[in-house]
Amino acid sequence: MAENLSHRGINVTIVDTQKQVMASFDYEMAQFIHKEMTEKGVKLMLGHSVTEFKEEGKLIITKSGKQLKTDMIILAVGVKGNIKLAKESNLKLGETGNILVDEYLKTSDEDISACGDEIEVNHVLTNEKVIIPLAWPANRQGRLIADHINGYDVKYRGSLGTNVAKVFDFIVASTGLNERQLNKLEIEYEAIHINRNNHANYYPNSHPIIYKILFGVKDGLIYGAQGIGRDGVEKRIELIATSSSYGGTVIELYDIELCYAPPFGNAKFPVNILGYVSSNILSGDYKNTQLVEIEDIIKNGHLLLDVRTPDEYDLGHIEGSVNMYVDSIRHNYKTLPKDKPIYLNCQVGNRGYIAAKMLKHNGFNNVYNLSGGYKVYSTAVTDFTEKEIGLIPKAKEVKNVGDIKETIYIDACGLQCPGPIMETKKALEGLKDNDILKIEASDSGFMKDIESWARKTNNTLIDVKMEKDNVVAYVMKGTNEETIKTVDDGRNDTTLVCFSGDLDKVIAGLIIANGAAAMGHRVSIFFTFWGINVLRRHSSPKLKKSTIEHMFGWMMPKGAKKLEISKLNMMGIGTKLMKNIMKKKNVFSTEQLLHQALENNVKFIACTMSMDVMGIKKEELIDGIDYGGVATYICEAQDSNITLFI
């Protein structure tokens with residue numbers, strides 16, 4: 001309904017109590033659906049429940065107190081089978097509340113059979129009682145009942161819940177169980193993501209599709225799969241559903257022989273690739289990590305190596321990661337630690353796999369690759385809730401340009417990221433200033449990438465838009481202020497390095513940080529050496545330390561409350577006088593300023609190298625902070641308009 005109303009030019013908002021639409025998908029996959037819907041103009045209010053309707057249905061009140069003015073309300077709160085007749089006939093109901101049937105679809109009355117939305121069935125994989133109100137199972141059940149009436153001994157095997165839907169330009173399909181269901185059933189599983197085009201990328205109208213498959217860690221049994229993209233999604237999910245319904249494993253997927261021609265598929269079909277990657281994991285030849293683990297990886301100071309090109313890294317990366325292009329690893333691997341885990345990420349996972357194999361062949365045995373790469377991660381962590389209608393911004397706006405006449409045209413359709421960006425860069429190198437490149441790409445992510453790339457490389461994005469299914473961008477080499485007006489990108493970043501543990505210096509730094517945050521800046525503070533003491537707890541757990549580490553801990557101030565002023569301390573008297581004056585003048589204490597900064601989303605980063613040198617453990621530091629080294633600081637500083645050293 002949201003899609004059809006949007007096509008009619010109506011502004012639509014979806015309010016859902018869940019954090020995602022389409023519950024059969026895992027959250028990070030549903031985020032691709034959220035992205036498509038918001039880019040097509042639908043506003044999402046996820047995690048909100050409606051408590052009241054007022055003004056004859058013109059006003060909606062949510063549990064959080066939000067109010068929505070509307071002209072029409074559509075309630076879409078689920079499907080429930082009509083079991084009124086079954087109840088009146090005293091037929092037994094099952095544990096789900098629907099009609100209980102046996103394997104022949106007979107009810108508790110020998111002469112009555114039932115099928116469709118009002119019965120409960122066994123799930124093919126778990127044998128659990130479930131309700132699956134879909135058309136295919138209902139039709140199969142109807143045929144089976146007819147066969148049974150005619151004397152055929154045919155049993156219903158159960159349902160998988162294989163389904164497909166159209167969401168604007170996307171096809172979204174799934175089968176079997178998702179992660180939420182597997183966790184509830186306490187089934188141990190592994191998950192992988194791959195990104196493949198719907199057919200040969202050199203053939204017109206090739207588009208990327210993201211797939212996810214879930215399988216048993218020991219036997220490789222297929223538990224479920226999800227796919228989101230354009231043409232061909234449902235065909236691949238149907239193949240996996242067929243294999244899964246007959247007890248198939250992921251290892252068998254790479255042996256499925258499929259009909260190939262460039263308009264219809266790839267010489268290596270996505271189903272085969274899912275089999276190859278899964279078998280590598282099951283054999284122990286290759287290790288995966290998931291996006292839910294990234295936060296802990298960064299917080300614990302582990303090395304997250306981004307193996308994409310420097311240009312891709314500049315367009316966006318996971319905070320705390322370090323860039324080392326995959327092609328340079330053979331010459332630089334000796335700089336990497338062999339005694340610590342290394343986590344890799346690229347755009348979709350393929351180059352991460354190549355980097356993992358390179359490192360393994362050179363004696364690195366504790367290497368992991370991020371499943372789905374930066375594409376899945378960046379989409380998963382984006383907040384699509386309550387965004388303004390039409391997400392896609394313009395980096396530049398045209399002033400009196402008239403009809404745009406390109407100097408050259410590049411067809412980058414079918415190329416995966418960073419292909420379109422690389423083609424743009426290569427083409428512009430051969431042009432003169434003010435020449436215009438028209439480039440067309442089938443990767444929807446190019447819409448955002450070209451905006452960021454043009455800004456960072458001092459080229460001009462004249463226009464970018466969707467034409468049919470493709471992104472079409474016009475880029476002028478260099479800048480021309482007479483014809484182009486740059487729109488402010490809204491980035492106001494401030495980075496501080498807190499090297500000091502002196503009360504007055506720390507207070508000054510925190511006041512500046514809070515002030516910058518209040519003005520809308522994105523603020524980060526890198527605490528190093530004596531500055532680490534600001535983040536210490538007043539009372540920390542007993543920890544096993546060396547004599548030197550204990551001495552350091554005893555000599556240094558234990559947290560913000562114990563800091564001393566840098567001048568006129570006078571054996572602690574000056575510090576007390578300063579704190580009293582601050583209290584009388586209504587100046588926040590150091591602890592209050594710290595708390596205020598955290599509430600203002602100021603990012604605190606503790607230098608792991610300084611912690612190691614000074615014998616400070618993570619358990620001794622306050623909650624809500626990040627950990628990193630010099631690379632983390634450089635990543636923060638390079639995007640900052642202001643960098644201060646305290």
Side-chain angles (χ1 to χ4, degrees), residues 1-88 93 96-99 116-120 130-135 137-138 161 163-174 178 180-181 226 228 379-380 382-393 444 466:
M1 287 306 302
E3 179 179 345
N4 281 280
L5 290 171
S6 294
H7 283 313
R8 295 297 296 268
I10 296 171
N11 291 333
V12 182
T13 299
I14 292 180
V15 184
D16 201 314
T17 56
Q18 303 300 315
K19 294 288 187 182
Q20 68 176 79
V21 300
M22 305 195 73
S24 62
F25 290 84
D26 288 317
Y27 178 77
E28 83 280 7
M29 297 294 284
Q31 281 282 81
F32 287 93
I33 303 174
H34 300 158
K35 182 175 184 287
E36 174 70 2
M37 295 182 80
T38 51
E39 286 182 353
K40 294 299 191 292
V42 176
K43 189 174 180 181
L44 301 176
M45 286 186 63
L46 305 175
H48 290 272
S49 56
V50 175
T51 56
E52 194 176 359
F53 299 113
K54 288 186 175 181
E55 299 178 9
E56 298 182 338
K58 300 293 185 183
L59 181 66
I60 299 172
I61 312 294
T62 69
K63 189 176 181 180
S64 62
K66 296 207 171 191
Q67 299 186 1
L68 287 84
K69 290 275 189 180
T70 184
D71 299 307
M72 177 170 64
I73 297 169
I74 296 174
L75 292 176
V77 291
V79 177
K80 190 173 183 180
N82 185 354
I83 58 172
K84 182 173 180 287
L85 180 60
K87 282 184 176 180
E88 291 173 352
L93 303 181
T96 65
N98 269 22
I99 302 171
D117 296 358
E118 57 196 29
I119 69 170
E120 68 174 27
V130 291
I131 302 171
I132 298 181
L134 294 170
N163 65 90
V164 64
K166 177 181 176 293
V167 182
F168 291 96
D169 293 335
F170 273 8
I171 297 169
V172 300
S174 69
N178 57 32
R180 185 173 58 258
Q181 293 167 315
Q226 300 158 37
I228 297 175
T379 305
T382 300
D383 182 11
F384 295 107
T385 302
E386 299 182 68
K387 295 290 185 186
E388 291 300 319
I389 289 174
L391 268 183
I392 302 169
S444 60
M466 294 295 296

All side chain to side chain donor-acceptor pair (under 3.5 Å) counterparts of Glu52, not counting sequence neighbours: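 Residues passing side chain to side chain donor-acceptor pair (under 3.5 Å) with Glu52: none at all.
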Kindly indicate whether the side chain of [X], heavy atoms from C-beta on, has any atom under 4.5 Å from the side chain of [Y].
X      : Y      : value
Asn163 : Ser174 : yes
Lys19  : Thr385 : no
Val12  : Lys43  : no
Glu36  : Lys40  : yes
Val42  : Ile14  : yes
Ile60  : Lys54  : no
Gln67  : Leu59  : yes
Leu5   : Ile74  : yes

Test salt bridge (charged side-chain N to carboxylate O under 4.0 Å, His left out) applied to Glu88 - qualifying residues, sequence neighbours left out: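 Salt bridge (charged side-chain N to carboxylate O under 4.0 Å, His left out) list for Glu88, sorted by chain: Lys84.
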Would you find a donor on one side and an acceptor on the other, under 3.5 Å apart, between the side chain of [X] and the backbone of [Y]?
X      : Y     : answer
Thr62  : Ser49 : no
Glu118 : Asn98 : no
Gln20  : Phe25 : yes

SB check Asp117 Lys80 (cutoff 4.0 Å): no
Carboxylate-amine/guanidinium contact Lys69 Glu55, below 4.0 Å: yes
Once you round to the nearest 0.5 Å, how far does [atom1] of [X] lie from [atom2] of [Y]?
X      : Y      : atom1 : atom2 : result
Phe168 : Thr38  : CZ    : OG1   : 9.5 Å
Ile99  : Asn82  : CD1   : CG    : 9.0 Å
Glu56  : Ile73  : CD    : CD1   : 11.5 Å
His7   : Glu3   : NE2   : CD    : 4.0 Å
Tyr27  : Gln18  : OH    : CD    : 12.0 Å
Ile33  : Thr379 : CD1   : OG1   : 12.0 Å

Worked check of side chain to side chain contact (heavy atoms under 4.5 Å, CB included) between Leu68 and Met45: CA-CA 11 Å; Leu68 287 84; Met45 286 186 63; 3.5 Å; yes
Under 3.5 Å side-chain donor-acceptor pair for [X] and [Y]:
X      : Y      : answer
Asp26  : Gln226 : yes
Asn178 : Ser24  : no
His48  : Ser64  : yes

To check you understand the geometry: which heavy-atom pair defines the closest contact between [X] and [Y], and what is its length?
X     : Y      : value
Ala30 : Val21  : CB-O, 3.9 Å
Gly97 : Leu93  : O-CD1, 3.8 Å
Phe32 : Phe170 : O-CE2, 3.7 Å
Glu28 : Ala380 : CB-CB, 3.8 Å
Met37 : Ala2   : CE-CB, 4.5 Å

Worked verdict on Ile61 versus Lys66 for side chain to side chain contact (heavy atoms under 4.5 Å, CB included): CA-CA 6 Å; Ile61 312 294; Lys66 296 207 171 191; over 6 Å; no
Non-neighbouring partners of Ala165 that pass side-chain contact (heavy atoms from CB on, under 4.5 Å), sequence neighbours left out: Met22, Val172
